[in-house]
Amino acid sequence: AAEEAVGLYRRLAAANPDAFLPDLAMSLNNLGNALSALGRREAALGAAEEAVRTLWPFFRALPAAFAEWMETCLRNYRDACREAGREPDRALVEPVQEQLRQLRDRKGRG
């Protein structure tokens, strides 16, 4: 079912990326979790990384709207890296972490 959802959202996102890429990211995140549960670590890592990369432009543009989703995707990406015995891609993770810090700082001042 998770693979079917990814396939469906890929097709929808191809036709209307702004509307469906965030949903594709979450479907990839869910697929990564399912693959991890099946012990398919490399495939899980690939799906988790793609989820973060897919969601990043939306999170960068509208951090408050996508913060929870991004935190979930980032956490699952790090878990998938650990399970696969790999280091997370710093070029991917660091900008996301910085954006999350800035968002928390703004909330703390508000």
Side-chain angles (χ1 to χ4, degrees):
E3 288 174 337
E4 287 179 30
V6 167
L8 173 66
Y9 280 116
R10 282 194 197 284
R11 289 189 298 280
L12 291 169
N16 192 345
D18 288 340
F20 292 106
L21 279 173
D23 293 310
L24 173 59
M26 292 313 293
S27 292
L28 286 161
N29 181 69
N30 293 340
L31 176 59
N33 288 339
L35 292 168
S36 179
L38 293 171
R40 295 179 53 197
R41 290 180 175 84
E42 291 297 321
L45 176 55
E49 181 176 343
E50 187 179 353
V52 174
R53 290 188 189 283
T54 300
L55 190 57
W56 169 242
F58 296 89
F59 174 61
R60 186 178 60 217
L62 298 167
F66 292 100
E68 282 187 50
W69 284 16
M70 184 53 87
E71 286 175 333
T72 298
C73 289
L74 186 61
R75 180 178 54 251
N76 290 334
Y77 169 65
R78 285 184 178 141
D79 290 347
C81 286
R82 187 181 65 253
E83 290 173 8
R86 303 255 185 106
E87 287 295 316
D89 180 350
R90 293 186 118 164
L92 175 62
V93 171
E94 287 176 0
V96 172
Q97 289 176 316
E98 180 58 30
Q99 188 78 23
L100 286 167
R101 273 193 289 275
Q102 289 175 12
L103 185 60
R104 282 187 215 109
D105 289 349
R106 280 186 292 232
K107 283 183 178 180
R109 288 187 298 237

note = Heavy-atom closest pair (A44 atom, S36 atom, distance to 0.1 Å) is CB-N, 3.6 Å
inquiry  = Could you check whether any side-chain N or O of Y9 sits under 3.5 Å from a backbone N or O of L28, counting only pairs where one atom can act as donor and the other as acceptor?
reply    = no
note = d(L31 CG, M26 CE) to nearest 0.5 Å is 12.5 Å
inquiry  = Quick one, R41 with L35, criterion side chain to side chain contact (heavy atoms under 4.5 Å, CB included). Give me CA distance, side-chain angles, the key distance, then yes/no.
reply    = CA-CA 7 Å; R41 290 180 175 84; L35 292 168; over 6 Å; no
task = In sequence, state the C-alpha distance, the side-chain angles, and the governing distance for Y77 and N29, and then conclude on side chain to side chain contact (heavy atoms under 4.5 Å, CB included).
result = CA-CA 8 Å; Y77 169 65; N29 181 69; over 6 Å; no
inquiry  = Check for me, please, whether F66 and L103 land in the same ILVMFWY cluster - side-chain distances under 4.5 Å, paths through other members count.
reply    = no
message = How close do L55 and C73 get, counting heavy atoms only, and between which atoms?
response = CD2-SG, 4.2 Å
message = Nearest 0.5 Å, please: how far is CG in D105 from CG in L100?
response = 11.0 Å
task = Please determine if R78 and E83 form a salt bridge, counting it only when a charged side-chain N lies under 4.0 Å from a carboxylate O.
result = no
ask   = So E50 and R53, side chain to side chain contact (heavy atoms under 4.5 Å, CB included) or not? Walk me through it.
value = CA-CA 5 Å; E50 187 179 353; R53 290 188 189 283; 5.6 Å; no
ask   = Should R86 and E49 count as an ion pair when the cut-off is N to O under 4.0 Å?
value = no
inquiry  = Does E71 have more than 12 heavy atoms from other residues, nucleotides or ligands lying within 6.0 Å of its CD?
reply    = yes
side-chain hydrogen bond (donor to acceptor under 3.5 Å, both in side chains) against Q102, all qualifying residues, sequence neighbours excluded = E98
task = Can you label the angle between the F59 ring and the W56 ring as parallel, tilted or perpendicular, going by 30° and 60°?
result = tilted
message = Quick check for you: to the nearest 0.5 Å, what is the distance between R101 atom CZ and Q99 atom CD?
response = 10.5 Å
ask   = Taking all atoms of both residues into account, what is the closest heavy-atom pair of A80 and L45, and its distance?
value = CB-CA, 3.8 Å
ask   = S27 side chain to D23 main-chain N or O, any donor-acceptor pair under 3.5 Å?
value = yes
Joint cluster assignment, F20 & L8, ILVMFWY side-chain distance < 4.5 Å = yes
key: Spatial distance of atom OG1 (T72) from atom CD (E68) [nearest 0.5 Å]   = 7.0 Å
task = Please report the closest heavy-atom contact between L92 and P95, naming both atoms and the distance.
result = O-CD, 3.5 Å
task = Grab the two heavy atoms, one from R106 and one from P63, that are nearest each other, plus how far apart they are.
result = NH2-CG, 4.0 Å
